[in-house]
A.B. asks: 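Here's a structure for you.
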Amino acid sequence: MLELATPVQYVKGVGPKIADVLAAKGIHTVGELLHYLPFRYEDRLNPRGISELRPGEMATVIGEVRNSGLFRTRKMPIFQLTVGQGRARLRCLWFNATYLQDKFKPGQMIALYGKVEEDQRSRELQIMQPQFEVLGDAGDGEGNGAEKKAAESLEIGRIVPIYESIGQGRLTPRWFRRAIRTALDNLTPELPEPIPAVVRGRLGLISPRAALWNVHWPEPGESFQDLQSSRTPAHIRMIFDELFFVELGLELKRREQKAQTGIAFRLDDRVRAAIKKILPFHPTAAQKRVLKEIAADMEKPYPMRRLLQGDVGSGKTIVGFEAAIIAIENGYQVALMAPTEILAQQHYFSARRILENAGYRIVLLTGSLEADRKREIRRHIAQGNAQLVIGTHALLEEKVEFANPGLVIVDEQHRFGVMQRLKLMKKSGEGAGPAEQSTPAEPDVLVMTATPIPRTLALTLYGDLDLSVLDELPPGRTPIATYCVSDDQSPKVWEFVRKQVAAGHQAYVVYPVIAENEETELKAAVKMYRELSGHVFADIKVGLLHGRLDAELKDQVMRMFQKGELQILVATTVIEVGVDVPNATVMVIEHAERFGLAQLHQLRGRIGRGAAKSHCVLMTGGKVSEEAQKRLDAMVRTNDGFQIAELDLELRGPGEFFGTRQAGMPNFRVANIIRDAKLLEAAKREAAAVLAGPNSEISAEEISRALVHMRTLWQHTYGLVEVG
Ligand code: ADP
Ligand code: MG
C-alpha cells in the first residue's frame, strides 16, 4: 500500500532515473505525484465526428491514420497526416516537422486536439499543428496484451486527463496517466482527513480520496466546462486544502504575534496636540481614518503589525510621521527605513522640514556615510539622543543598537519582500539595548507599500499583517495625461518639454538602466545626458542622476532639482521611488517598452504632485512586443494603481508579479490565487474559525489534527519560516 508520503520511486514503473526527472519538477512523493494535475481534459467519450466539425472550434477527434508524408514547399518542409472515420477525412498539418516522418502507420488509432480551420482554396477542413496521441500503438513495446488493454481503456472511451510532459518529453501525458492510475490503485484506503467536519460541511467538500480520483479520472457525467475551468468538486477540494493550510499558518502566526508583549503607547491630549502642530496641511479623510487604525493598534499592549497600502502620491509619508510622533512623545525611538539611499535622503529632508521645527532630533544613517560619521550617529542612537532614525536597510544589516526602540516604519514601496520583513522583526528584537533587557517588549511595525495589490491577495501575501488602505489622493491634483510615441517623434517631445520649462515647470527624462546590462546602458544614459544638456537644451540647466554617482553628488543634484536650480533632470530608475518635487510636471520615459508596468506606474507617480497639469510621455525605441504594447496602452488608459496592478498580475502571473520566492509567497501546486480568489477568502475565514475553537462545532482533536497537518506542509512544501 502506498501512503501519500511514500517516495514516488515505490510506484510501479517509476525507477530511480524517472524519480530524478520527477524530482526536478518537485515531485518526490506519491502525494506530490497525485497533485500533478491535468492542465486540460479531452472528451474521448464523445469525440467529434469529422463530418460535424465547424471551422473555428476547438475539437478532439479520434480517427484512423490513413496516410501521412512529408512534402517540401519553398519555405519549409510540411508534414501532412490524413485521418479518417469511415468515409470522412480530416487533414492535419505540421510545419517543419521532419521528426514526425516515421511516427505514424496506416490503421493506427489516433486522438487529435486543435482548432478546426477551413483551407482557403480547397474549402476542406483541417487542423494545423494539432496536439496528438497515438492510441493503443502496438509498437511501443509496453507490456503484454492484458496490460495493453487496460492501458487503452485509460486512453479512449472516457474523459482523458492531459498532463504537461516533463523531462524533455520523456514523461508524456500517457506516462502520467498510467503512473497516476497505478498510484491511485495502490493508495492506502485510509487517507487522513485534516479538515474539520463543520468546515467540510460549509464548503460542501468531498473526501480527499474521491477528490484525488476524480480530478484525474472524472466521472462520466462530469461537466466538461467545470473540468476545464478547475471548478469540479474534486478541484475545489484540492484547491481549498492548499489555500486553507497556508491561511491557517498565517493566522496562527498573527495570533502568536498578538500574544507577545508590546508597548502600550499613550495617546492623550498632549500627544494629539503634538501631532496637530506638525501637520502642514489638512489630512484627507482617508489619512485620518488610517491614522486612527494605526493609533488604536499602538495603544494596545501587543506589538502592531500593520500594512499601510496606498497608491503613489496618496500621502503615506505624513501618516508615518504622525505615528512616529506618538512613539517619540511616549519616550521611544523610531526607525524609518527606505529601500534606496535616495529615498532615505528624501525622507530625511521631509522629516527635517516637518518635524525639526517642533524640536525632534532626527538622524540619517546610510551605508555610504564615512566610517567616523557612522560611528558617531550610532552612538547617538545607542544613547537615545536620536529620536527618529532614518536609513536604508543598512539599518538592518549593520549592528545598530537602539536605546529604546518603539516603532519601526518600513517604507518598502515594492522592493522589500515578506522574508526581509521577518528578518527585520527579529533583528529589532535582538538589537534591543540594555534598557530593553528588563522589559523585552517588541517594537511596533508599520509597513508602507505603494504596490496596490488587490485586497484578497494582500490578505494572503501579508496574511499576518493587519491592513489599512489609503484610497484617496490629496486634494488639488489634476490627473496626469499620458501619451505614447515612437522616438522618431523626439524633436516634438523636446519642444514640448521646452515649453513647459519656459512656463516655470520642471521635467524628468528617465532612461532605463537594468542591472544586467548596467555598463552599456549607463553609457547610453550618460551620452543621452550630454546630447540633451549640450545641444537640445543647451540654454537650460540639466542635471544627471544615476545609481553610480557617489552619495554626496546624488544628494547635491537632488537638492538642486528640488530647489528649482535645475530645470531638467536626466535620471535612471533611481528616481522610481518616493522622490517628491511637486513643481515637476513632465516626465519623458525613454525606451518605455523595456519597463515593467509597476515600474512605469511608480515612475509616473513622481509627477502630478502639484496643482498644475502634468504630462507623461512614454517614448518607445525599437521593436515593441505585443505584451509591451499592452503595458503602454494600460498606462495611457488609466492612472488608477489598482487597475494597473490587476492587469500586471494578469500579464505576468502571480509568481512573477510578486517575485514569488523572494517575497516568501508559497508556490502553490494546484491553487491559482487569481482564479481562486473566492476560495482564498473562504479559506481565510475558515482558518480563523478553526483557531477560534474548540467549541460545539469544532473539537479540540480536529483542531490539533489540522495544526499537525499544517506544520508538516509548511515545513516540507513551502519551506517557509517555521510556525507555532
Ligand atoms: P506617497 O504615498 O507616495 O509616499 P507622499 O507621502 O510622498 O506620497 O505624498 C505625496 C505628496 O502629497 C507630498 O508632496 C505630500 O506633501 C502631499 N500631501 C500628502 N498629504 C496631503 C494632504 N492631506 N493635503 C495636501 N497635500 C498632501
Ligand atoms: Mg512615499
Side-chain angles (χ1 to χ4, degrees), residues 275-294 306-325 336-340 342-357 388 390 409-416 446-453 458 467-480 505-506 508 558-559 561-564 573-585 587 598-612 614 616 639-642 644-645:
I275 294 175
K276 263 227 176 92
K277 215 168 102 189
I278 60 121
L279 284 180
F281 34 61
H282 289 291
T284 62
Q287 284 170 322
K288 280 190 202 157
R289 186 193 68 235
V290 158
L291 179 67
K292 228 186 221 162
E293 290 164 0
I294 294 170
R306 188 166 281 277
L307 177 69
L308 171 55
Q309 187 190 49
D311 205 352
V312 272
S314 59
K316 295 183 290 294
T317 314
I318 195 77
V319 175
F321 288 162
E322 290 174 311
I325 291 176
L336 168 56
M337 311 199 331
T340 67
I342 293 215
L343 187 54
Q345 274 159 7
Q346 170 92 27
H347 278 318
Y348 180 60
F349 295 143
S350 327
R352 280 181 35 194
R353 200 177 61 232
I354 296 172
L355 299 174
E356 216 162 45
N357 283 342
L388 174 59
I390 299 175
I409 303 172
V410 186
D411 189 358
E412 75 165 7
Q413 302 292 334
H414 51 257
R415 294 277 176 99
F416 285 177
L446 178 66
V447 180
M448 307 198 290
T449 178
T451 310
I453 39 184
L467 184 63
S468 289
V469 182
L470 269 183
D471 49 6
E472 182 186 353
L473 290 182
R477 305 259 171 100
T478 32
I480 303 167
H505 300 303
Q506 288 165 282
Y508 297 102
M558 212 44 241
R559 256 185 236 246
F561 190 63
Q562 219 144 20
K563 287 193 203 144
T573 44
V574 292
I575 60 148
E576 179 185 336
V577 285
V579 173
D580 186 27
V581 180
N583 190 45
T585 59
M587 175 170 287
Q599 211 176 8
L600 287 172
H601 181 64
Q602 284 286 325
L603 280 169
R604 182 173 59 180
R606 299 306 113 215
I607 56 172
R609 298 187 153 234
S614 287
C616 176
N639 277 305
D640 180 338
F642 277 84
I644 286 177

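Residue numbers run from 1 in the order of the sequence given. Values reported hereafter were calculated over all heavy atoms of this structure, with side chains retained and with hydrogens, waters and symmetry mates removed. Just so you know, ligand 1 is whichever comes first in the structure, and atom 1 is the first atom listed for that ligand.
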A.B. asks: One residue to check: S314. Relative to ligand 1, which of side chain, backbone, both or neither has a non-hydrogen atom less than 4.0 Å away?
C.D. replies: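 For S314, backbone and side-chain atoms both sit under 4.0 Å from ligand 1.
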
A.B. asks: Got a second to check how far F349's CZ is from I354's CD1, nearest 0.5 Å?
C.D. replies: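 If I round to the nearest 0.5 Å, the distance is 13.5 Å.
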
A.B. asks: Within ligand 1, which atoms have a heavy atom of P474 less than 4.0 Å away?
C.D. replies: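 Every atom of ligand 1 under 4.0 Å from some heavy atom of P474: 18 (N), 19 (C), 20 (N), 21 (C), 22 (C), 24 (N), 25 (C), 26 (N), 27 (C).
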
A.B. asks: Using a plain distance cutoff, I'd like to know if G315 has any nitrogen or oxygen under 3.5 Å from a nitrogen or oxygen of ligand 1.
C.D. replies: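 Yes: some nitrogen or oxygen of G315 is under 3.5 Å from one in ligand 1.
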
A.B. asks: With E322, which of V290, T317, I294, I275 fulfils side-chain contact (heavy atoms from CB on, under 4.5 Å)?
C.D. replies: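 The option that passes is I275.
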
A.B. asks: Answer side chain, backbone, both or neither: which part of R609 comes under 4.0 Å from ligand 1, heavy atoms only.
C.D. replies: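 Contact part for R609 vs ligand 1: side chain (C-beta onward).
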
A.B. asks: Within ligand 1, which atoms have a heavy atom of T317 less than 4.0 Å away?
C.D. replies: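 In order of number, 4 (O), 5 (P), 6 (O), 7 (O).
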
A.B. asks: Are any of the N/O atoms on G313, whether in the backbone or the side chain, positioned under 3.5 angstrom from an N/O atom of ligand 1?
C.D. replies: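 Among all N and O atoms of G313, at least one is under 3.5 Å from an N or O of ligand 1.
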
A.B. asks: Taking the side chain from E472 and the backbone from A286, do they hold a donor-acceptor pair closer than 3.5 Å?
C.D. replies: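 Checked: pair present.
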
A.B. asks: Assess whether side-chain contact (heavy atoms from CB on, under 4.5 Å) is satisfied between H505 and N583, documenting all intermediate values.
C.D. replies: CA-CA 6 Å; H505 300 303; N583 190 45; 3.6 Å; yes

A.B. asks: I'd like to check which ligand 1 atoms, numbered from 1 as shown, lie under 4.0 Å from a non-hydrogen atom of H282.
C.D. replies: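 Reading through ligand 1 atom by atom, the close ones are 22 (C), 23 (N), 24 (N).
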
A.B. asks: Out of curiosity, is G310 lining ligand 1, as in a heavy atom under 4.0 Å away?
C.D. replies: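 Not so, G310 does not reach ligand 1.
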
A.B. asks: Within ligand 1, which atoms have a heavy atom of P283 less than 4.0 Å away?
C.D. replies: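 Going through ligand 1 atom by atom, the ones under 4.0 Å from P283 are 23 (N).
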
A.B. asks: Could you report the tightest heavy-atom contact between A344 and I390, atom names first, then the distance?
C.D. replies: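 So the minimum-distance heavy-atom pair works out to O-CG2, 3.5 Å.
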
A.B. asks: Is there a donor-acceptor contact under 3.5 Å from the side chain of N639 to the main chain of P479?
C.D. replies: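 Not a single qualifying donor-acceptor pair exists.
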
A.B. asks: Could you check whether any side-chain N or O of R289 sits under 3.5 Å from a backbone N or O of V469, counting only pairs where one atom can act as donor and the other as acceptor?
C.D. replies: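 Looks like yes, one N/O pair under 3.5 Å.
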
A.B. asks: What are the atoms of ligand 1, with element, lying closer than 4.0 Å to any heavy atom of T284?
C.D. replies: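 Those of ligand 1 that fall under 4.0 Å from T284 are 23 (N).
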
